[in-house]
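The basis for the numbers below is simple: all heavy atoms, side chains too, and nothing from hydrogens, waters or symmetry mates.
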Amino acid sequence: MDKKQVSWHQTSLRWLFLAMTCVFQVGCCLCSDFPSVLASQMKLQFSIQQSDINQLFTFYSLPNVIFPFFGGIIIDKIGIRTSLVSFTAFLVFGQALCYYGSLILNYNYLKIGMMLMGMGGEICMSVAQSSIVSKWFVGQEMALAFGLKLTFTRLGSVLGVNLLRYTYVQFNESFQSCMMICCLIILIVWGVSFIQIEMDKLSDFRDGKIKKDEGQSNVSLSDVKQFKLDFYLVSLTCVLSYSAFIVLQQNCLQMFKIRYQLQDKEATFFYSLPYYISAIITPIFGGFVDKIGQRPLIILVSGVLLLISTSLYCVELNCINDACHNLTLLAQTISGLSFAIFAPVIWPCIPLCIKDNAQGTGFGVVTSIQNIGLSLLPLIVGQIIQDETQYSYVQMMQFIRIVTIFGTLCNITLYMHDKQNGNKLSVKSTKQKSN
């Protein structure tokens, strides 16, 4: 091999690789988010309530309280490439079960399908893809790369709310047709994963480290004991702030219609607004973070913005003279700003907290902790809004605000801890991490 040969990680090919990651994220999120964007249609199809819809998100997240942790260890043991393709297969089988359940009108098949999709989706989207993106962008535009990755993940929800509802109408209000579209999309996603692993394999071959990537024998459960306080503060921040945002988004479409009396078109726009804002701001802000660092401070600002947004939803008012329209616009705009600056900084903090040979394990632990929140919060919220009245949605927002308060307190602790311990999380991405 020519020693002067430039690694693909240093060329524009890394952006092609990131583009495929974004396509992967969009497809996965579009398929796994169908319960939130088709909630009204599913209620008619299966004669269920919003609390039953929330159960699907719990079934999706519950296995991932444990599974991503061991999945992270598996990734570190057998390599990212093998794991990515293998775990994506869970998505394919899970989506196929959801489609079958829609054909025979058996809601239990949707629960099992969502569980399988959760087992594969969280490993692929949060652990495997995060590990491989970190590998391709380490010491470079990591915040920008992670920001784009997370932005396109949530843009999958925007595409879903438009594509799946359009499909539902065009095929004579057929929920089955929506599930078939999801099956086709997830097969495309699986194909993208095969292209990614071949590209990564060729890259490693050129760099002379193909054997190293296939497995790392020195990774064990004992690595978790070596993770320090900053890692667990990042994990806690992730579960509180991210879960509060996601659970709000999962239920806001129905809240806008029932509590704020908005029409379907308006509700859909406000649901999508945070993702539109993030799509515009995150790439710019991610590049800015790569140059200045200061991740704990930005996480703190993001948490305060989310707290303001959830507090606005706790305000009780009469929907006259566009009052509800204006409040929803303001709250969703602030929520979008919060997510836009949170996304590029939270995940790049993880490689700065742990050793290189435990990247998969680290991402897996964070994903497991995050899914504790994403398992419990939908169940709690489902009980709160069981009768689906205006007042029940007020109570839901009061609960979510409490979660964001704890998240903000955790953000303050992370900021102070990093400041007192050498500002490790505040370094610029142009500086290589040393272990």
Side-chain angles (χ1 to χ4, degrees), residues 1 5-32 67-68 70-96 116-138 140 142 145-146 148-150 152-153 156 183-217 219 347 350-351 356-364 367:
M1 184 186 73
Q5 185 171 249
V6 179
S7 171
W8 281 359
H9 298 179
Q10 307 295 325
T11 70
S12 57
L13 283 175
R14 71 183 185 275
W15 299 108
L16 174 61
F17 191 89
L18 181 62
M20 287 189 287
T21 294
C22 291
V23 171
F24 188 98
Q25 300 292 113
V26 168
C28 288
C29 190
L30 185 154
C31 294
S32 62
F67 203 64
F70 292 103
I73 294 175
I74 293 171
I75 289 172
D76 288 328
K77 288 286 187 180
I78 69 174
I80 302 172
R81 295 188 290 267
T82 303
S83 302
L84 181 61
V85 173
S86 301
F87 286 119
T88 306
F90 282 96
L91 287 167
V92 176
F93 293 126
Q95 190 61 65
L116 288 175
M117 290 174 66
M119 292 169 67
E122 290 301 300
I123 294 291
C124 292
M125 291 194 292
S126 297
V127 184
Q129 287 288 0
S130 294
S131 297
I132 204 166
V133 167
S134 175
K135 174 183 174 183
W136 277 69
F137 283 86
V138 64
Q140 300 179 98
M142 191 180 293
F146 274 90
L148 285 170
K149 171 182 170 291
L150 288 174
F152 275 87
T153 300
C183 283
L184 293 175
I185 291 174
I186 210 66
L187 286 172
I188 294 173
V189 165
W190 202 14
V192 169
S193 71
F194 279 100
I195 298 173
Q196 282 189 293
I197 65 168
E198 288 302 319
M199 187 173 177
D200 189 61
K201 186 185 295 184
L202 286 173
S203 174
D204 278 358
F205 181 78
R206 293 177 78 254
D207 294 343
K209 56 181 181 180
I210 185 69
K211 293 182 180 179
K212 181 180 178 181
D213 184 76
E214 291 303 319
Q216 305 209 33
S217 58
V219 179
W347 291 101
I350 298 171
D356 290 330
N357 70 328
Q359 295 286 305
T361 305
F363 283 113
T367 304

> Nearest heavy-atom pair of L18 and A145: which atoms, and what distance?
Replying inline: CD1-O, 3.8 Å

> Is the F137-W15 ring centre distance short of 6.0 angstrom?
Replying inline: yes

> Quick one: CG on L16 to OG1 on T11, what's the gap to the nearest 0.5 Å?
Replying inline: 9.5 Å

>> If you define the side chain from C-beta out and look only at heavy atoms, does anything of V189 sit under 4.5 Å from V23?
In response: no

>> What verdict does the side chain to side chain contact (heavy atoms under 4.5 Å, CB included) test give for M199 and L13, after you've listed the backbone C-alpha separation in whole Å, the side-chain angles of each residue and the deciding distance to 0.1 Å?
In response: CA-CA 10 Å; M199 187 173 177; L13 283 175; 4.0 Å; yes

> Going from OG on S203 to CZ on F17, what distance comes out if it is rounded to the nearest 0.5 angstrom?
Replying inline: 8.5 Å

> Does W8 use its side chain to pair, donor to acceptor, with the backbone of R14 at less than 3.5 Å?
Replying inline: no

> What pair of heavy atoms forms the shortest contact from K135 to H9, and how long is it?
Replying inline: O-ND1, 3.5 Å

>> Once rounded to the nearest 0.5 Å, what's the spacing between atom CG of D200 and atom CD1 of I195?
In response: 13.5 Å

>> Distance check, rounded to the nearest 0.5 Å: L184 atom CG versus C31 atom SG?
In response: 9.5 Å

> Rounded to the nearest 0.5 Å, what separation is found between the CZ atom of R81 and the CZ atom of F194?
Replying inline: 13.5 Å

>> Please give me the minimum heavy-atom distance between G156 and C29, naming the atom from each residue.
In response: CA-CB, 4.3 Å

> Should T88 and F24 be marked as a side chain to side chain contact (heavy atoms under 4.5 Å, CB included) after you check the CA-CA gap, both sets of side-chain angles, and the distance that decides it?
Replying inline: CA-CA 10 Å; T88 306; F24 188 98; 3.6 Å; yes

>> Please give me the minimum heavy-atom distance between C28 and L91, naming the atom from each residue.
In response: SG-CD1, 3.5 Å

>> Within the 4.5 Å heavy-atom criterion, are M117 and I186 side-chain neighbours or not?
In response: no

> Distance from L84 atom CG to I132 atom CD1, nearest 0.5 Å?
Replying inline: 6.0 Å

